[in-house]
Amino acid sequence: QVQRGESGGGVVQAGGSLRLSCAAAGRNKRTYARAWFRQAPGKEREYVGGFSRTGGYTYYADSVKGRFTVSRDNAKNTFYLQMTSLKPAATAVYFCAVAPRIITSSLRLPAPYDSWGPGPPVTVSS
């Protein structure tokens, strides 16, 4: 199993920026796919962005492309979600997630991941 430390989130005006961090440590140093999800009140959990196990490929929801960026620091076992040009629609609880094994299905689906939550809430005010 892994342990997670979260930071970031808060209240921000529309057009502002936030960075979310997720620190995870397992019993070994193997890494697999990682992702961010979010869930707004009354809505289903949705994929936001993430990357493949090597970090060579990144993926984003269409709604955040060009504004959100995922990154990671393997030495710190931490990955990030940098959010810019925030809109009120980004208001949600955010979750970081890591895959416990190689994923052969879509990396955008939540089922293969170990997801801890709830993560830091983000509120974007207009």
Side-chain angles (χ1 to χ4, degrees):
Q1 63 179 16
V2 299
Q3 297 79 43
R4 184 182 72 176
E6 295 178 304
S7 63
V11 180
V12 64
Q13 294 290 318
S17 301
L18 286 172
R19 188 178 77 162
L20 306 183
S21 301
C22 182
R27 287 190 287 271
N28 58 53
K29 301 182 68 175
R30 297 180 65 87
T31 60
Y32 300 99
R34 302 177 183 180
W36 290 92
F37 296 85
R38 67 185 179 190
Q39 187 166 22
K43 297 184 178 180
E44 297 181 359
R45 186 173 300 189
E46 65 174 340
Y47 182 88
V48 177
F51 43 77
S52 62
R53 64 187 300 270
T54 65
Y57 296 89
T58 58
Y59 309 88
Y60 298 95
D62 289 341
S63 60
V64 306
K65 285 182 178 178
R67 299 185 297 110
F68 288 15
T69 303
V70 294
S71 61
R72 69 180 183 179
D73 185 333
N74 288 336
K76 297 180 179 180
N77 201 18
T78 301
F79 62 105
Y80 308 92
L81 179 66
Q82 178 67 48
M83 304 183 290
T84 61
S85 300
L86 282 164
K87 302 176 180 180
T91 296
V93 174
Y94 285 70
F95 301 81
C96 59
V98 299
R101 65 188 70 84
I102 294 175
I103 295 177
T104 57
S105 60
S106 172
L107 297 181
R108 295 180 171 88
L109 299 176
Y113 294 92
D114 288 337
S115 180
W116 311 279
V122 172
T123 300
V124 183
S125 174
S126 61

- Query: Tyr60 and Val70: side-chain contact (heavy atoms from CB on, under 4.5 Å), yes or no, with the steps?
  - Reply: CA-CA 9 Å; Tyr60 298 95; Val70 294; 3.4 Å; yes
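- Relative to the six-membered ring of Tyr59, Arg108 misses at least one condition, a distance below 6.0 Å or an angle of at most 45° to the axis.
- Closest approach of Ala90 and Val124 over heavy atoms only: CB-CG2, 4.2 Å.
- Considering all non-hydrogen atoms of both residues, Thr78 and Ser21 come closest at CG2-CB, 4.4 Å.
- Aromatic ring centroids of Tyr113 and Phe37 lie under 6.0 Å apart.
- A donor-acceptor pair is defined here as one N or O able to donate and one able to accept, closer than 3.5 Å; no such pair exists between the side chain of Tyr80 and the backbone of Thr69.
- For Arg53 and Tyr32, the side-chain atoms include no donor-acceptor pair closer than 3.5 Å.
- Here the straight-line distance linking atom CZ of Arg72 with atom OG1 of Thr58 works out to 11.0 Å at 0.5 Å rounding.
- A distance-only check finds no donor-acceptor pair linking the side chain of Ser125 to the backbone of Gln13 [under 3.5 Å].
- In terms of the side-chain contact (heavy atoms from CB on, under 4.5 Å) criterion, residue partners of Thr84 (sequence neighbours excluded) are, by chain and number, Ser17, Arg67, Gln82.
- For the pair Pro112 and Ile103, the tightest heavy-atom approach, listed with the atom from each and the gap, is CB-CD1, 3.5 Å.
- The structure places OH of Tyr57 at 15.5 Å from CZ of Phe51, a figure rounded to the nearest 0.5 Å.
- In this structure the side chain of Leu20 never reaches within 4.5 angstrom of the side chain of Arg38, judged on heavy atoms.
- Residues Phe68 and Leu81 have side chains in contact (heavy-atom distance under 4.5 Å, counting atoms from C-beta outward).
- Across every non-hydrogen atom of Val122 and Leu18, the tightest pair is CG1-CD1, 3.8 Å.
- Counting all heavy atoms, side chain and backbone alike, Arg34 lies closest to Val98 at CG-CG1, 3.9 Å.
- Contact check for Tyr47 versus Leu109: no side-chain heavy atoms found under the 4.5 Å cut-off.
- Met83 is listed as a side-chain neighbour of Tyr94, based on a closest heavy-atom distance under 4.5 Å.
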